[in-house]
Amino acid sequence: PGDVAGADHPIVLKGEYLNKAKIADGGKKLRKNWTSTWVVLEVNQLLFYKESKQEALTGLKPGCKPESVDLCGAHIEWTADKSSRKNVLQITTSSGNEFLLQDDNYPTICKWHGAIKNTVDSLGKG
Ligand code: I3P
């Protein structure tokens with residue numbers, strides 16, 4: 001019921017481990033801390049799980065929710081100047097949260113960039 005993260009939205013891209021760093025919260029800059037996270041793309045949001053097995057537990061176990069990123073009104077772009085790493089993309093939400101996603105494998109991160117961009121664009125059309 002309602003908008004329980006991970007419970008009732010169709011999955012667009014199945015889970016995969018990517019490197020993630022949240023660099024701003026509500027427009028306020030955060031200290032960068034890269035972590036490996038299990039990323040799932042749904043039709044309206046991106047979910048960050050600590051590990052793959054957490055996805056299966058969400059909905060069964062209270063308090064086992066992923067971090068969710070509302071993609072409505074969000075922006076996604078490649079960035080070369082926010083990190084010394086290669087293959088970095090940035091997602092900025094309408095609430096001013098900023099996330100970097102990165103993978104050393106270019107085809108992998110391209111696939112995520114394309115799918116997230118399609119999702120953002122489709123939500124934008126309303
Ligand atoms: C940061 C850490 C990050 C690095 C960041 C550093 O140092 O080395 O990996 O980002 O660079 O500040 P600390 O652990 O002391 O916070 P990248 O790996 O993305 O380059 P930055 O300050 O240029 O963002």
Side-chain angles (χ1 to χ4, degrees):
D3 54 12
V4 177
D8 51 5
H9 303 297
I11 287 175
V12 175
L13 208 54
K14 281 203 250 181
E16 188 159 22
Y17 281 105
L18 299 176
N19 297 311
K20 179 206 76 161
K22 186 175 184 181
I23 57 168
D25 185 274
K28 189 172 166 281
K29 204 169 178 292
L30 299 175
R31 181 172 175 178
K32 189 194 281 168
N33 179 29
W34 284 106
T35 54
S36 174
T37 185
W38 182 254
V39 185
V40 174
L41 176 63
E42 297 189 343
V43 288
N44 62 332
Q45 63 184 352
L46 202 55
L47 300 174
F48 297 140
Y49 295 91
K50 287 192 179 67
E51 45 183 340
S52 60
K53 67 180 181 199
Q54 190 193 349
E55 188 183 357
L57 290 172
T58 298
L60 300 174
K61 214 170 126 191
C64 198
K65 298 228 180 69
E67 179 179 16
S68 64
V69 180
D70 180 9
L71 293 177
C72 191
H75 292 276
I76 180 168
E77 62 196 346
W78 293 107
T79 178
D81 54 9
K82 297 279 173 81
S83 173
S84 61
R85 298 184 178 207
K86 64 176 182 179
N87 307 335
V88 179
L89 58 84
Q90 176 172 347
I91 299 163
T92 306
T93 69
S94 61
S95 59
N97 294 342
E98 294 174 23
F99 299 90
L100 302 180
L101 288 179
Q102 188 268 342
D103 193 90
D104 284 345
N105 184 262
Y106 184 63
T108 297
I109 199 71
C110 269
K111 179 184 70 184
W112 283 90
H113 177 271
I116 295 168
K117 194 173 182 336
N118 284 343
T119 299
V120 165
D121 289 349
S122 71
L123 290 169
K125 285 182 211 113

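The basis for the numbers below is simple: all heavy atoms, side chains too, and nothing from hydrogens, waters or symmetry mates. Ligands are counted one by one from 1 in listed order, and the atoms in each one are counted from 1 as well. Sequence positions, counted from 1, serve as the residue numbers for this chain.
Among pairs with a residue in residues 13-27, those fulfilling side-chain hydrogen bond (donor to acceptor under 3.5 Å, both in side chains) read E16-K111, E16-W112, N19-Q102, K20-E67, K22-D25, at least two apart in sequence or across chains. Residue pairs satisfying the side-chain hydrogen bond (donor to acceptor under 3.5 Å, both in side chains) criterion with at least one member in residues 28-41, sequence neighbours excluded, are listed as follows: W38-E55.
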Check ligand 1 for close polar pairs with the protein: N or O on both sides, less than 3.5 Å.
{"unit_1": "ligand 1", "atom_1": "10 (O)", "unit_2": "K32", "atom_2": "NZ", "d": "3.0"}
{"unit_1": "ligand 1", "atom_1": "15 (O)", "unit_2": "R31", "atom_2": "NH2", "d": "3.1"}
{"unit_1": "ligand 1", "atom_1": "16 (O)", "unit_2": "R31", "atom_2": "NE", "d": "2.9"}
{"unit_1": "ligand 1", "atom_1": "16 (O)", "unit_2": "R31", "atom_2": "NH2", "d": "3.1"}
{"unit_1": "ligand 1", "atom_1": "18 (O)", "unit_2": "W34", "atom_2": "NE1", "d": "3.3"}
{"unit_1": "ligand 1", "atom_1": "19 (O)", "unit_2": "K32", "atom_2": "NZ", "d": "2.9"}
{"unit_1": "ligand 1", "atom_1": "19 (O)", "unit_2": "W34", "atom_2": "NE1", "d": "2.8"}
{"unit_1": "ligand 1", "atom_1": "19 (O)", "unit_2": "S83", "atom_2": "OG", "d": "2.4"}
{"unit_1": "ligand 1", "atom_1": "20 (O)", "unit_2": "S84", "atom_2": "N", "d": "3.0"}
{"unit_1": "ligand 1", "atom_1": "20 (O)", "unit_2": "S84", "atom_2": "OG", "d": "2.6"}
{"unit_1": "ligand 1", "atom_1": "24 (O)", "unit_2": "K32", "atom_2": "NZ", "d": "2.5"}

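When the options L101, D70, T119, V40 are evaluated for a side chain to side chain contact (heavy atoms under 4.5 Å, CB included) with L46, the one that passes is L101.
T79 and D81 share a side-chain donor-acceptor pair at under 3.5 Å.
Under the side-chain contact (heavy atoms from CB on, under 4.5 Å) criterion, A115 pairs with L13, L41, not counting sequence neighbours.
At least one donor-acceptor pair under 3.5 Å links the side chain of N87 to the backbone N or O of D103.
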